[in-house]
Amino acid sequence: MLLKSIQKGVIKEVFFSCVILSTYLFHGITRSYPSFLFYQLDSPSSSITVNDEQKSWVAACINLLSPLGCIFGGILMDTYGRKICIQGVFVPFLISWLTTAFAKNVSMLYIAALIHSIGTGMSFSTSTYVSEIATAGHRGALLGIVEVIFHIGVFMCNFLMYYIKWSIVAFILSVISAISLLLTFSLPESPTWLYLKGRKEESINTLTSIRCQDRDVIKSEIDDMETYTSSQVKTKFSETVKDCLASWRQFCIAFVLFLLTQGTGYSVMTLFLIMIVDRLNIPYPSTDIALLYSAACSVAGFITPYAMYKFNRKPTLAVSALGMSLSAAAIPIYKLIFEEYDEKPFSWIIPFALSMYVIWSSFGVLPVGFTIAGELFPNKVRGIMNGIYGAVAYIYWSFLYKITPWYLSKFGASGVMWTFSGFALLTALYSIFVLPETKGKTLNEVQEKYFKKKR
(Lines give C-alpha, C1' and ligand atoms only; values in the text may rest on other atoms or scores of the structure.)
Protein backbone atom coordinates (compact mmCIF):
# COMPACT_ATOMS: atom_id res chain seq x y z
CA MET A 1 0.00 0.00 0.00
CA LEU A 2 2.81 2.40 0.94
CA LEU A 3 4.64 1.57 -2.30
CA LYS A 4 1.55 2.36 -4.35
CA SER A 5 1.14 5.67 -2.53
CA ILE A 6 4.75 6.58 -3.23
CA GLN A 7 4.30 5.69 -6.90
CA LYS A 8 1.18 7.86 -7.13
CA GLY A 9 3.08 10.70 -5.49
CA VAL A 10 5.93 10.41 -7.98
CA ILE A 11 3.45 10.38 -10.89
CA LYS A 12 1.88 13.56 -9.52
CA GLU A 13 5.27 15.21 -9.12
CA VAL A 14 6.18 14.37 -12.71
CA PHE A 15 2.81 15.47 -14.11
CA PHE A 16 2.77 18.81 -12.28
CA SER A 17 6.39 19.43 -13.23
CA CYS A 18 5.71 18.72 -16.91
CA VAL A 19 2.73 21.09 -16.95
CA ILE A 20 4.79 23.84 -15.31
CA LEU A 21 7.92 23.27 -17.32
CA SER A 22 5.98 23.20 -20.59
CA THR A 23 6.82 26.90 -20.53
CA TYR A 24 10.27 25.74 -21.60
CA LEU A 25 8.75 24.09 -24.66
CA PHE A 26 8.18 27.66 -25.81
CA HIS A 27 11.71 28.62 -24.77
CA GLY A 28 12.98 26.02 -27.23
CA ILE A 29 10.49 27.08 -29.89
CA THR A 30 11.30 30.77 -29.46
CA ARG A 31 15.04 30.13 -29.68
CA SER A 32 14.75 28.11 -32.90
CA TYR A 33 11.87 29.92 -34.66
CA PRO A 34 13.92 32.96 -35.85
CA SER A 35 16.55 30.78 -37.57
CA PHE A 36 14.04 29.36 -40.07
CA LEU A 37 11.97 32.56 -40.02
CA PHE A 38 14.92 34.60 -41.31
CA TYR A 39 15.65 31.90 -43.89
CA GLN A 40 12.06 31.99 -45.19
CA LEU A 41 11.90 35.79 -45.16
CA ASP A 42 15.03 35.89 -47.36
CA SER A 43 13.10 34.06 -50.06
CA PRO A 44 12.23 36.24 -53.11
CA SER A 45 8.60 35.18 -52.74
CA SER A 46 8.34 36.39 -49.11
CA SER A 47 5.69 39.05 -48.43
CA ILE A 48 7.93 40.57 -45.72
CA THR A 49 11.54 41.51 -46.44
CA VAL A 50 14.16 42.03 -43.72
CA ASN A 51 17.83 43.00 -43.69
CA ASP A 52 20.48 41.86 -41.20
CA GLU A 53 19.92 44.89 -38.97
CA GLN A 54 16.18 44.15 -38.71
CA LYS A 55 16.93 40.47 -38.07
CA SER A 56 19.15 41.42 -35.14
CA TRP A 57 16.37 43.59 -33.69
CA VAL A 58 13.80 40.79 -34.02
CA ALA A 59 16.23 38.53 -32.16
CA ALA A 60 16.90 41.16 -29.49
CA CYS A 61 13.18 41.84 -28.97
CA ILE A 62 12.66 38.19 -28.03
CA ASN A 63 14.10 39.05 -24.59
CA LEU A 64 13.92 42.85 -24.48
CA LEU A 65 10.97 43.11 -22.07
CA SER A 66 11.77 39.87 -20.26
CA PRO A 67 13.35 41.78 -17.33
CA LEU A 68 9.98 43.40 -16.64
CA GLY A 69 8.35 39.98 -16.89
CA CYS A 70 10.90 38.54 -14.46
CA ILE A 71 10.34 41.25 -11.86
CA PHE A 72 6.57 41.16 -12.28
CA GLY A 73 6.56 37.36 -12.17
CA GLY A 74 8.72 37.32 -9.02
CA ILE A 75 6.43 39.77 -7.22
CA LEU A 76 3.29 37.99 -8.43
CA MET A 77 4.71 34.63 -7.38
CA ASP A 78 5.58 35.74 -3.85
CA THR A 79 2.43 37.84 -3.32
CA TYR A 80 -0.40 35.94 -4.99
CA GLY A 81 1.05 32.46 -5.36
CA ARG A 82 3.10 30.31 -7.67
CA LYS A 83 0.09 28.94 -9.54
CA ILE A 84 -1.38 32.24 -10.73
CA CYS A 85 2.05 33.35 -11.94
CA ILE A 86 2.43 30.20 -14.02
CA GLN A 87 -1.04 30.71 -15.49
CA GLY A 88 -0.10 34.26 -16.40
CA VAL A 89 2.88 33.07 -18.43
CA PHE A 90 0.77 31.57 -21.22
CA VAL A 91 -1.37 34.67 -21.87
CA PRO A 92 1.39 36.69 -23.60
CA PHE A 93 2.52 33.50 -25.35
CA LEU A 94 -0.94 33.09 -26.86
CA ILE A 95 -1.21 36.75 -27.92
CA SER A 96 2.30 36.75 -29.34
CA TRP A 97 1.87 33.74 -31.60
CA LEU A 98 -1.46 35.03 -32.89
CA THR A 99 0.19 38.38 -33.69
CA THR A 100 3.00 36.58 -35.51
CA ALA A 101 0.55 34.44 -37.47
CA PHE A 102 -1.19 37.52 -38.88
CA ALA A 103 1.90 39.73 -39.24
CA LYS A 104 1.97 41.85 -42.41
CA ASN A 105 5.25 43.70 -41.83
CA VAL A 106 8.41 43.58 -39.73
CA SER A 107 6.90 45.96 -37.14
CA MET A 108 4.31 43.34 -36.23
CA LEU A 109 7.13 40.83 -35.78
CA TYR A 110 8.80 43.29 -33.38
CA ILE A 111 5.54 43.66 -31.42
CA ALA A 112 4.96 39.90 -31.27
CA ALA A 113 8.52 39.31 -30.03
CA LEU A 114 8.15 42.01 -27.35
CA ILE A 115 4.88 40.53 -26.09
CA HIS A 116 6.40 37.07 -26.03
CA SER A 117 9.39 38.38 -24.07
CA ILE A 118 7.09 39.33 -21.17
CA GLY A 119 5.85 35.75 -20.84
CA THR A 120 9.38 34.43 -21.25
CA GLY A 121 10.52 36.61 -18.35
CA MET A 122 7.65 35.49 -16.12
CA SER A 123 8.40 31.85 -16.86
CA PHE A 124 11.90 32.21 -15.43
CA SER A 125 10.52 31.67 -11.92
CA THR A 126 8.67 28.44 -12.74
CA SER A 127 11.63 26.39 -11.48
CA THR A 128 10.77 27.71 -8.01
CA TYR A 129 7.49 25.78 -8.06
CA VAL A 130 9.19 22.54 -9.08
CA SER A 131 11.85 23.00 -6.39
CA GLU A 132 9.12 23.38 -3.76
CA ILE A 133 6.87 20.45 -4.70
CA ALA A 134 9.65 17.94 -5.45
CA THR A 135 11.51 15.83 -2.92
CA ALA A 136 15.26 16.41 -2.59
CA GLY A 137 15.97 13.09 -4.34
CA HIS A 138 13.71 13.82 -7.33
CA ARG A 139 14.32 17.55 -7.69
CA GLY A 140 17.37 17.27 -9.95
CA ALA A 141 15.74 14.77 -12.32
CA LEU A 142 12.50 16.77 -12.51
CA LEU A 143 14.35 19.99 -13.22
CA GLY A 144 16.38 18.01 -15.72
CA ILE A 145 13.13 17.45 -17.66
CA VAL A 146 13.58 21.08 -18.71
CA GLU A 147 16.29 19.90 -21.05
CA VAL A 148 14.00 17.33 -22.66
CA ILE A 149 11.13 19.79 -23.03
CA PHE A 150 13.38 22.58 -24.31
CA HIS A 151 14.89 20.40 -27.02
CA ILE A 152 11.54 18.90 -27.98
CA GLY A 153 10.48 22.50 -28.58
CA VAL A 154 13.58 23.13 -30.71
CA PHE A 155 13.07 20.01 -32.83
CA MET A 156 9.30 20.45 -33.12
CA CYS A 157 9.72 24.03 -34.33
CA ASN A 158 12.49 23.21 -36.81
CA PHE A 159 10.56 20.22 -38.13
CA LEU A 160 7.41 22.27 -38.68
CA MET A 161 9.31 25.21 -40.19
CA TYR A 162 11.20 22.87 -42.52
CA TYR A 163 7.93 21.94 -44.25
CA ILE A 164 5.39 24.65 -43.38
CA LYS A 165 5.24 28.42 -43.84
CA TRP A 166 6.20 30.48 -40.77
CA SER A 167 2.75 32.12 -40.36
CA ILE A 168 0.92 28.77 -40.29
CA VAL A 169 3.42 27.42 -37.75
CA ALA A 170 2.77 30.48 -35.56
CA PHE A 171 -0.97 29.76 -35.60
CA ILE A 172 -0.34 26.12 -34.60
CA LEU A 173 1.79 27.37 -31.69
CA SER A 174 -1.00 29.68 -30.54
CA VAL A 175 -3.29 26.65 -30.23
CA ILE A 176 -0.64 24.81 -28.17
CA SER A 177 -0.36 27.89 -25.92
CA ALA A 178 -4.12 27.82 -25.27
CA ILE A 179 -4.02 24.10 -24.37
CA SER A 180 -1.11 24.67 -21.97
CA LEU A 181 -3.00 27.49 -20.29
CA LEU A 182 -5.98 25.21 -19.67
CA LEU A 183 -3.73 22.52 -18.13
CA THR A 184 -2.37 24.94 -15.50
CA PHE A 185 -5.78 25.00 -13.79
CA SER A 186 -5.11 21.41 -12.61
CA LEU A 187 -2.08 22.51 -10.55
CA PRO A 188 -2.17 22.75 -6.73
CA GLU A 189 -0.63 25.73 -4.97
CA SER A 190 2.90 25.36 -3.63
CA PRO A 191 2.87 24.01 -0.03
CA THR A 192 5.90 26.15 0.81
CA TRP A 193 4.19 29.34 -0.37
CA LEU A 194 1.04 28.47 1.58
CA TYR A 195 3.11 27.94 4.72
CA LEU A 196 4.94 31.22 4.18
CA LYS A 197 1.54 32.95 4.08
CA GLY A 198 0.49 31.40 7.41
CA ARG A 199 -1.93 28.89 5.86
CA LYS A 200 -0.32 26.00 7.73
CA GLU A 201 -3.13 23.45 7.62
CA GLU A 202 -3.82 24.06 3.94
CA SER A 203 -0.09 23.75 3.26
CA ILE A 204 0.17 20.36 5.00
CA ASN A 205 -2.98 19.06 3.31
CA THR A 206 -1.64 20.11 -0.08
CA LEU A 207 1.69 18.41 0.58
CA THR A 208 0.03 15.16 1.69
CA SER A 209 -2.14 15.29 -1.44
CA ILE A 210 0.91 15.71 -3.69
CA ARG A 211 2.85 12.93 -1.95
CA CYS A 212 -0.26 10.67 -1.64
CA GLN A 213 0.88 9.82 1.91
CA ASP A 214 -0.24 10.50 5.49
CA ARG A 215 1.30 13.44 7.30
CA ASP A 216 3.07 11.06 9.68
CA VAL A 217 5.01 9.56 6.78
CA ILE A 218 6.16 12.95 5.47
CA LYS A 219 6.68 14.47 8.93
CA SER A 220 10.31 15.31 8.14
CA GLU A 221 9.24 17.46 5.18
CA ILE A 222 6.61 19.20 7.29
CA ASP A 223 9.13 19.83 10.06
CA ASP A 224 11.56 21.20 7.50
CA MET A 225 8.96 23.69 6.26
CA GLU A 226 8.05 24.69 9.80
CA THR A 227 11.65 25.17 10.90
CA TYR A 228 12.60 27.43 8.06
CA THR A 229 9.40 29.26 7.19
CA SER A 230 7.42 29.79 10.41
CA SER A 231 9.39 32.93 11.24
CA GLN A 232 8.93 34.27 7.71
CA VAL A 233 5.14 34.43 7.51
CA LYS A 234 5.09 38.22 7.83
CA THR A 235 8.06 40.13 6.52
CA LYS A 236 8.47 43.89 6.33
CA PHE A 237 9.64 45.44 3.09
CA SER A 238 12.85 46.62 4.71
CA GLU A 239 13.54 43.09 5.92
CA THR A 240 12.89 41.71 2.45
CA VAL A 241 15.39 44.17 0.97
CA LYS A 242 17.89 43.18 3.64
CA ASP A 243 17.38 39.48 2.90
CA CYS A 244 17.85 40.13 -0.83
CA LEU A 245 21.10 42.00 -0.19
CA ALA A 246 22.25 39.18 2.09
CA SER A 247 21.87 36.80 -0.88
CA TRP A 248 24.57 38.55 -2.92
CA ARG A 249 26.91 35.57 -2.84
CA GLN A 250 24.23 33.22 -4.19
CA PHE A 251 23.40 35.76 -6.90
CA CYS A 252 27.03 36.21 -7.94
CA ILE A 253 27.69 32.46 -8.14
CA ALA A 254 24.57 31.86 -10.22
CA PHE A 255 25.04 34.84 -12.53
CA VAL A 256 28.72 34.27 -13.27
CA LEU A 257 27.78 30.70 -14.18
CA PHE A 258 25.08 32.11 -16.46
CA LEU A 259 27.55 34.41 -18.23
CA LEU A 260 30.00 31.58 -18.77
CA THR A 261 27.42 29.06 -19.99
CA GLN A 262 25.93 31.63 -22.39
CA GLY A 263 29.42 32.24 -23.70
CA THR A 264 29.56 28.57 -24.69
CA GLY A 265 27.02 29.53 -27.36
CA TYR A 266 24.26 26.93 -27.03
CA SER A 267 21.59 29.64 -26.99
CA VAL A 268 23.14 31.69 -29.81
CA MET A 269 23.60 28.58 -31.95
CA THR A 270 19.93 27.69 -31.67
CA LEU A 271 18.81 31.19 -32.65
CA PHE A 272 21.27 31.85 -35.49
CA LEU A 273 22.04 28.27 -36.53
CA ILE A 274 21.27 28.59 -40.26
CA MET A 275 23.12 31.92 -40.47
CA ILE A 276 26.23 30.40 -38.87
CA VAL A 277 26.11 27.17 -40.91
CA ASP A 278 25.82 29.18 -44.15
CA ARG A 279 29.18 30.79 -43.34
CA LEU A 280 30.88 27.45 -42.70
CA ASN A 281 30.73 26.72 -46.46
CA ILE A 282 30.02 23.00 -46.26
CA PRO A 283 28.43 20.96 -49.08
CA TYR A 284 25.15 20.40 -47.24
CA PRO A 285 21.95 22.52 -47.17
CA SER A 286 21.92 24.66 -44.02
CA THR A 287 18.28 23.73 -43.35
CA ASP A 288 19.19 20.03 -43.34
CA ILE A 289 22.01 20.72 -40.87
CA ALA A 290 19.57 22.68 -38.69
CA LEU A 291 17.17 19.73 -38.64
CA LEU A 292 20.01 17.31 -37.83
CA TYR A 293 21.22 19.63 -35.05
CA SER A 294 17.78 19.85 -33.43
CA ALA A 295 17.28 16.08 -33.74
CA ALA A 296 20.62 15.47 -32.01
CA CYS A 297 19.79 17.79 -29.14
CA SER A 298 16.33 16.24 -28.76
CA VAL A 299 17.79 12.75 -28.44
CA ALA A 300 20.46 14.00 -26.03
CA GLY A 301 17.82 15.73 -23.96
CA PHE A 302 16.40 12.39 -22.86
CA ILE A 303 19.73 11.55 -21.23
CA THR A 304 19.60 14.66 -19.07
CA PRO A 305 17.10 13.57 -16.37
CA TYR A 306 19.13 10.40 -15.79
CA ALA A 307 22.40 12.34 -15.62
CA MET A 308 20.90 14.90 -13.24
CA TYR A 309 19.51 12.11 -11.06
CA LYS A 310 22.62 9.93 -11.12
CA PHE A 311 25.61 12.29 -11.06
CA ASN A 312 26.66 15.27 -8.97
CA ARG A 313 26.26 18.75 -10.45
CA LYS A 314 29.92 19.80 -10.47
CA PRO A 315 31.46 16.87 -12.42
CA THR A 316 28.46 16.73 -14.76
CA LEU A 317 28.90 20.40 -15.67
CA ALA A 318 32.69 20.10 -15.99
CA VAL A 319 32.60 17.08 -18.30
CA SER A 320 29.81 18.62 -20.38
CA ALA A 321 31.68 21.91 -20.80
CA LEU A 322 34.93 20.16 -21.76
CA GLY A 323 33.05 18.13 -24.38
CA MET A 324 31.55 21.33 -25.80
CA SER A 325 34.96 23.01 -25.87
CA LEU A 326 36.56 20.20 -27.86
CA SER A 327 33.60 19.88 -30.25
CA ALA A 328 33.46 23.63 -30.95
CA ALA A 329 37.25 23.82 -31.46
CA ALA A 330 37.15 20.92 -33.93
CA ILE A 331 35.26 23.07 -36.47
CA PRO A 332 37.78 25.93 -36.94
CA ILE A 333 40.67 23.45 -36.68
CA TYR A 334 39.17 21.46 -39.56
CA LYS A 335 38.69 24.63 -41.62
CA LEU A 336 42.26 25.73 -40.89
CA ILE A 337 43.78 22.38 -41.92
CA PHE A 338 41.82 22.11 -45.16
CA GLU A 339 41.64 25.82 -45.97
CA GLU A 340 43.56 25.50 -49.24
CA TYR A 341 41.50 22.59 -50.57
CA ASP A 342 38.92 23.38 -53.26
CA GLU A 343 36.94 20.26 -52.38
CA LYS A 344 37.45 19.66 -48.69
CA PRO A 345 37.70 15.99 -47.63
CA PHE A 346 35.86 14.55 -44.65
CA SER A 347 33.19 17.28 -44.91
CA TRP A 348 31.01 15.23 -42.54
CA ILE A 349 33.28 16.30 -39.66
CA ILE A 350 31.55 19.69 -39.25
CA PRO A 351 27.97 18.32 -38.99
CA PHE A 352 29.30 15.63 -36.64
CA ALA A 353 31.11 18.21 -34.48
CA LEU A 354 27.98 20.38 -34.34
CA SER A 355 25.92 17.37 -33.26
CA MET A 356 28.45 16.44 -30.56
CA TYR A 357 28.57 20.08 -29.44
CA VAL A 358 24.83 20.20 -28.77
CA ILE A 359 24.80 16.70 -27.24
CA TRP A 360 27.47 17.72 -24.73
CA SER A 361 25.57 20.93 -23.92
CA SER A 362 22.45 18.87 -23.24
CA PHE A 363 24.35 16.60 -20.89
CA GLY A 364 25.19 19.27 -18.33
CA VAL A 365 25.78 22.89 -19.32
CA LEU A 366 22.16 23.74 -20.06
CA PRO A 367 20.39 21.78 -17.26
CA VAL A 368 22.89 22.52 -14.47
CA GLY A 369 22.94 26.21 -15.37
CA PHE A 370 19.16 26.22 -15.13
CA THR A 371 18.95 24.10 -11.97
CA ILE A 372 21.43 26.13 -9.91
CA ALA A 373 19.25 29.24 -10.14
CA GLY A 374 16.38 27.36 -8.50
CA GLU A 375 18.54 25.82 -5.76
CA LEU A 376 20.84 28.55 -4.43
CA PHE A 377 18.50 31.28 -3.14
CA PRO A 378 16.96 31.06 0.37
CA ASN A 379 13.25 30.36 0.91
CA LYS A 380 12.44 33.88 2.09
CA VAL A 381 13.28 35.63 -1.15
CA ARG A 382 13.56 32.82 -3.68
CA GLY A 383 10.80 34.19 -5.90
CA ILE A 384 12.07 37.77 -5.85
CA MET A 385 15.73 36.81 -6.29
CA ASN A 386 14.91 34.49 -9.18
CA GLY A 387 13.02 37.39 -10.72
CA ILE A 388 15.97 39.77 -10.33
CA TYR A 389 18.40 37.15 -11.56
CA GLY A 390 16.22 36.47 -14.59
CA ALA A 391 15.81 40.17 -15.35
CA VAL A 392 19.57 40.73 -15.51
CA ALA A 393 20.00 37.52 -17.49
CA TYR A 394 17.47 38.58 -20.13
CA ILE A 395 19.10 41.99 -20.54
CA TYR A 396 22.32 40.18 -21.32
CA TRP A 397 20.50 37.82 -23.71
CA SER A 398 19.08 40.78 -25.68
CA PHE A 399 22.56 42.27 -25.92
CA LEU A 400 24.04 38.94 -26.98
CA TYR A 401 21.46 38.36 -29.72
CA LYS A 402 21.76 41.92 -31.00
CA ILE A 403 25.54 41.76 -31.50
CA THR A 404 25.73 38.19 -32.84
CA PRO A 405 25.16 39.07 -36.55
CA TRP A 406 27.83 41.79 -36.25
CA TYR A 407 30.25 39.45 -34.43
CA LEU A 408 29.67 36.79 -37.07
CA SER A 409 30.39 39.19 -39.94
CA LYS A 410 33.46 40.60 -38.15
CA PHE A 411 35.16 37.38 -37.04
CA GLY A 412 33.49 34.76 -39.21
CA ALA A 413 32.10 31.37 -38.22
CA SER A 414 35.54 30.15 -37.10
CA GLY A 415 35.95 33.10 -34.74
CA VAL A 416 32.52 32.40 -33.28
CA MET A 417 33.34 28.73 -32.66
CA TRP A 418 36.72 29.58 -31.06
CA THR A 419 34.86 31.94 -28.70
CA PHE A 420 32.40 29.21 -27.77
CA SER A 421 35.25 26.79 -27.13
CA GLY A 422 37.08 29.22 -24.85
CA PHE A 423 34.02 29.99 -22.76
CA ALA A 424 33.24 26.28 -22.43
CA LEU A 425 36.72 25.69 -21.02
CA LEU A 426 36.24 28.53 -18.50
CA THR A 427 32.88 27.01 -17.51
CA ALA A 428 34.55 23.69 -16.71
CA LEU A 429 37.16 25.40 -14.51
CA TYR A 430 34.47 27.45 -12.74
CA SER A 431 32.50 24.29 -12.02
CA ILE A 432 35.51 22.55 -10.53
CA PHE A 433 36.83 25.38 -8.35
CA VAL A 434 33.87 27.65 -7.48
CA LEU A 435 30.43 26.07 -7.87
CA PRO A 436 28.83 24.55 -4.73
CA GLU A 437 27.49 20.99 -4.92
CA THR A 438 23.69 20.92 -4.45
CA LYS A 439 22.69 17.43 -5.54
CA GLY A 440 20.89 15.36 -2.90
CA LYS A 441 20.59 18.31 -0.49
CA THR A 442 17.37 19.99 0.52
CA LEU A 443 17.07 23.67 -0.33
CA ASN A 444 17.65 24.50 3.33
CA GLU A 445 20.71 22.25 3.59
CA VAL A 446 22.26 24.17 0.69
CA GLN A 447 21.88 27.41 2.68
CA GLU A 448 23.21 25.85 5.88
CA LYS A 449 26.29 24.29 4.30
CA TYR A 450 27.45 27.00 1.92
CA PHE A 451 25.95 30.33 2.91
CA LYS A 452 25.31 30.44 6.66
CA LYS A 453 27.89 32.48 8.56
CA LYS A 454 30.01 30.35 10.86
CA ARG A 455 29.84 31.42 14.52
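Every value quoted in this text rests on a predicted model; they were computed, and no experiment measured them.
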Approximate separation, where rounding is to 0.5 Å, of [X] [atom1] and [Y] [atom2]:
X: Tyr401; Y: Ser56; atom1: OH; atom2: OG; result: 13.5 Å
X: Met77; Y: Tyr129; atom1: CE; atom2: OH; result: 10.0 Å
X: Ser22; Y: His27; atom1: OG; atom2: NE2; result: 10.0 Å
X: Ile48; Y: Asp42; atom1: CD1; atom2: CG; result: 12.5 Å
X: Ile29; Y: Tyr24; atom1: CD1; atom2: OH; result: 14.5 Å
X: Ile349; Y: Phe338; atom1: CD1; atom2: CZ; result: 6.0 Å

Atom [atom1] of residue position [X] - does it have more than 12 heavy atoms of other residues, nucleotides or ligands inside 6.0 Å?
X: Phe72; atom1: CZ; result: no
X: Tyr407; atom1: OH; result: yes
X: Tyr284; atom1: OH; result: yes

With heavy-atom distances below 4.5 Å as the criterion, would you say the side chains of [X] and [Y] are in contact?
X: Val50; Y: Val58; result: no
X: Tyr266; Y: Cys297; result: no
X: Leu271; Y: Ile62; result: yes
X: Phe258; Y: Trp397; result: yes
X: Met269; Y: Leu354; result: yes
X: Val416; Y: Thr419; result: no
X: Phe363; Y: Ile359; result: no
X: Lys335; Y: Ile350; result: yes

Grab the two heavy atoms, one from [X] and one from [Y], that are nearest each other, plus how far apart they are.
X: Ala428; Y: Ala318; answer: CB-O, 3.7 Å
X: Lys314; Y: Leu435; answer: NZ-O, 2.7 Å
X: Ile149; Y: Leu25; answer: CG2-N, 3.3 Å
X: Val154; Y: Thr270; answer: CG2-CG2, 4.0 Å
X: Glu437; Y: Arg313; answer: OE2-N, 2.9 Å
X: Thr100; Y: Trp166; answer: O-CZ3, 3.2 Å

Spell out, as yes or no, whether a donor-acceptor pair under 3.5 Å connects the side chain of [X] to the backbone of [Y].
X: Ser398; Y: Leu64; result: yes
X: Ser361; Y: Val358; result: yes
X: Gln262; Y: Ser267; result: no
X: Thr404; Y: Leu400; result: yes
X: Ser421; Y: Trp418; result: no
X: Gln54; Y: Asn51; result: yes
X: Ser66; Y: Ser117; result: yes
X: Ser35; Y: Ile274; result: yes
X: Thr79; Y: Leu76; result: no
X: Gln87; Y: Leu181; result: no

Testing the 3.5 Å rule here: is there a donor-acceptor pair between the side chains of Tyr357 and Thr264?
no
Which residues pass the side chain to side chain contact (heavy atoms under 4.5 Å, CB included) test with Leu292, not counting sequence neighbours?
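In terms of side chain to side chain contact (heavy atoms under 4.5 Å, CB included), with neighbours along the sequence ignored, Leu292 is linked to Pro351, Ser355.
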What residues form a side chain to side chain contact (heavy atoms under 4.5 Å, CB included) with Ala353, not counting sequence neighbours?
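Here the qualifying residues are Ala330, Ile331.
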Any chance you could lay out the side chain to side chain contact (heavy atoms under 4.5 Å, CB included) test for Ile172 and Met156, step after step, and finish with the verdict?
CA-CA 11 Å; Ile172 293 171; Met156 182 179 77; over 6 Å; no
Would Phe159 and Tyr162 count as a ring pair (Phe, Tyr, Trp, His ring centres under 6.0 Å) if you check the C-alpha gap in whole Å, the side-chain angles of each, and the deciding distance to 0.1 Å?
CA-CA 5 Å; Phe159 182 81; Tyr162 189 87; 7.8 Å; no
Could you please spell out the steps behind the side chain to side chain contact (heavy atoms under 4.5 Å, CB included) verdict for Val319 and Phe311?
CA-CA 11 Å; Val319 171; Phe311 305 113; over 6 Å; no
So Ser347 and Ile282, side chain to side chain contact (heavy atoms under 4.5 Å, CB included) or not? Walk me through it.
CA-CA 7 Å; Ser347 57; Ile282 57 177; 5.5 Å; no
Between Phe36 and Tyr39, how do the two ring planes meet: parallel, tilted or perpendicular, split at 30° and 60°?
perpendicular
Geometric class of the Trp406/Phe411 ring pair [parallel <30°, tilted 30-60°, perpendicular >60°]
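Answer is perpendicular, since the angle exceeds 60°.
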Between Tyr80 and Ile75, is a side chain to side chain contact (heavy atoms under 4.5 Å, CB included) present by the stated rule, with each step listed?
CA-CA 8 Å; Tyr80 297 102; Ile75 295 171; over 6 Å; no
Report the residue from Tyr33, Phe93, Tyr394, Phe90 that forms a ring-ring contact (aromatic ring centres under 6.0 Å, His included) with His116.
Phe93
Got a sec, which residues hit side chain to side chain donor-acceptor pair (under 3.5 Å) with Trp57, two or more places apart in sequence or on another chain?
Glu53
